[in-house]
Amino acid sequence: MAAAVTIALALEGQLRLDDQPALHRAVALARQRGARLLVLACRPEGQRLRGPHQRRLEAQALASLHSRLAAAGIRLLAFPQHTTAAALAKLRPLVQPEAVLHAQESRLFDTWPVAAERFPRVFSPFRRGLERDPEPPLPPPDLAGLGDAWDELPRSWLELAAVSAGSAGAPALVTAAVDPRSAFPFPGDEPTALARLQHYLFGSGGLRDYKATRNGLVGTEFSAKFSPFLGVGSLSVRRIWQEVLRYRELHGADEGSEWMQQELLWREFFLWSEQKHGDAFHAPGGLQQRPPDWVEDRERFARWTRGDAGHPLIDAQLNELLTTGYLSNRGRQWVASHFVNELRLPWIWGARFFEWALIDAHPALNTGNWAYLAGVGSDPRSFGGSPRRFDLERQVGLYDPEGQHLRLWGRSAKAPAAPALP
């Protein structure tokens, strides 16, 4: 009996059905060739270590996607410790796909939104120089008739938790309890992501008030909380943009929706900036090629990773980060500014730790923001000048005048110890 023709889709960190161009192409190809569809969830090339909070969201997104595909008879094989190439090598003795399609990272633009040779080093000319509108999102495709029994695969492979060496603990991550104080108490799956999007834009005044509230510190509603879903690929940035446009059609333009669009463009700017500058984007001297001006004090850094930075405001922020993986926009700025200006530690150390600890970590976005605060990146004020420096006492008066965040996350609220980074 002839082996069934197989078309494989490698998700590579994009754990959703909505707005998946590669999934549409895979479905069309499978129908054209009378093939079955196999979905692989692998570690994206170049993805570095993820901390426990982001791994929890990833496990939840995988479990949900596994169930939704299984309902159509389509198998999802998860190889969380393997690249796609390594997963295919492991699979090849049993199944040899006729074609393998690869999902791409969710971006507003499929190709350069500003020509690569003219791509600016700072944000404002990028925003003003956009040469077209973002591409619209695609709906989930029809998956009917693309499943199979997969008799040639071991039964254990078809169970999500037992697919790959290194995936032990996945069931526990899916059901892991979240600290009740967390500003991001949501699971990481696609249905939750889409529900959050609808709630924030249409079921509350969140988007309307976004500019005014986005620098809050406590609770779920002061900001959109879309970035953790984007971080594990359970939400498309083009879907967010499209829904913001729909909001504006219904309610008219306002400051909140304009600011949301600007924040989405900041994300896009950092993604394309990394692609433009390559290794220089992550280099200690950054895009400005500044010589290091720091003290490599490893003991001070070790205390900082345990939430002992020597300032109550910063210690509370770090405690929240270690306990939940979440930190507000304003809190991230405070911590980075204090790390660079007061502790005078290498910004690349802080960036690397954040990349491990944050629930929404992304290498380009994390580096772009840290380099900005360190005065070596895309901050126009720091070209030829000093890094931005926050007056923490003034910031407390502005953003936590009643000490709500400090009471919630101060030193008396003990954070778990952080393991050593490799």
Side-chain angles (χ1 to χ4, degrees), residues 11-15 41-44 46-66 78-83 160-190 192-193 196 220 225-235 301-309 315-328 331-332 335 349-363 365-367 369-370 408-409 413-422:
L11 292 176
E12 298 187 352
Q14 302 304 304
L15 305 179
C42 306
R43 176 176 62 82
Q47 178 181 291
R48 296 187 284 248
L49 179 67
R50 279 179 159 169
H53 302 294
Q54 195 170 42
R55 290 204 311 274
R56 171 173 55 82
L57 291 195
E58 181 183 46
Q60 291 163 343
L62 271 172
S64 172
L65 188 57
H66 181 269
F79 296 87
Q81 307 303 321
H82 292 64
T83 62
L160 181 65
V163 174
S164 171
S167 63
L173 286 172
V174 170
T175 58
V178 178
D179 191 293
R181 299 169 294 176
S182 177
F184 189 88
F186 315 106
D189 58 281
E190 181 181 10
T192 299
R196 175 65 185 179
T220 62
K225 308 297 192 297
F226 297 154
S227 61
F229 300 118
L230 290 168
V232 297
S234 60
L235 183 63
F301 175 66
R303 292 198 303 272
W304 181 87
T305 65
R306 297 192 294 267
D308 183 9
D315 289 348
Q317 301 297 321
L318 291 171
N319 188 21
E320 180 181 11
L321 173 65
L322 291 169
T323 305
T324 70
Y326 185 82
L327 203 54
S328 70
R332 297 178 200 209
V335 170
W349 291 8
R352 184 70 181 88
F353 186 81
F354 261 38
E355 191 176 320
W356 172 83
L358 281 171
I359 202 166
D360 58 359
H362 184 291
L365 310 181
N366 185 58
T367 293
N369 281 295
W370 267 91
L408 196 64
W409 294 108
K414 190 68 175 175
L421 294 177

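Count residues from 1 along the sequence. Values in this document were obtained by computation on a predicted structure and should not be read as measured data.
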Between the main-chain N or O of [Y] and the side-chain N or O of [X], is there a donor-acceptor pair closer than 3.5 Å?
X: Asp179; Y: Thr324; result: no
X: His53; Y: Trp356; result: no
X: Ser64; Y: Ala61; result: no
X: Asn319; Y: Gly307; result: no

Salt-bridge criterion met for Arg306 and Asp308 (N-O under 4.0 Å): no
Compare all side-chain heavy atoms of [X] with those of [Y] and state whether any distance is below 4.5 angstrom.
X: Leu230; Y: His362; result: no
X: Trp304; Y: Trp349; result: no
X: Arg56; Y: Val178; result: yes
X: Val232; Y: Gln54; result: yes

From CA spacing to verdict: side-chain contact (heavy atoms from CB on, under 4.5 Å), Leu15, Glu190: CA-CA 8 Å; Leu15 305 179; Glu190 181 181 10; over 6 Å; no
Plane angle bin for Phe354 and Trp370 - parallel if under 30°, tilted between 30 and 60°, otherwise perpendicular: perpendicular
With Asn369 via side chain to side chain donor-acceptor pair (under 3.5 Å) - residues at least two apart: none
Under the side chain to side chain donor-acceptor pair (under 3.5 Å) test, residues paired with Glu355 that sit two or more places apart: Arg48
Grab the two heavy atoms, one from [X] and one from [Y], that are nearest each other, plus how far apart they are.
X: Gln317; Y: Ser328; result: OE1-OG, 4.5 Å
X: Phe186; Y: Leu57; result: O-CD2, 3.6 Å
X: Asn366; Y: Ala351; result: ND2-O, 2.6 Å

Residues Asp360, Leu365; criterion side-chain contact (heavy atoms from CB on, under 4.5 Å); working and verdict: CA-CA 10 Å; Asp360 58 359; Leu365 310 181; over 6 Å; no
Euclidean distance, Leu321 CG relative to Trp409 CH2, rounded to 0.5 Å: 10.0 Å
Worked check of side-chain contact (heavy atoms from CB on, under 4.5 Å) between Leu235 and Arg196: CA-CA 10 Å; Leu235 183 63; Arg196 175 65 185 179; over 6 Å; no
Residues Tyr326, Lys225; criterion side-chain contact (heavy atoms from CB on, under 4.5 Å); working and verdict: CA-CA 10 Å; Tyr326 185 82; Lys225 308 297 192 297; 3.4 Å; yes
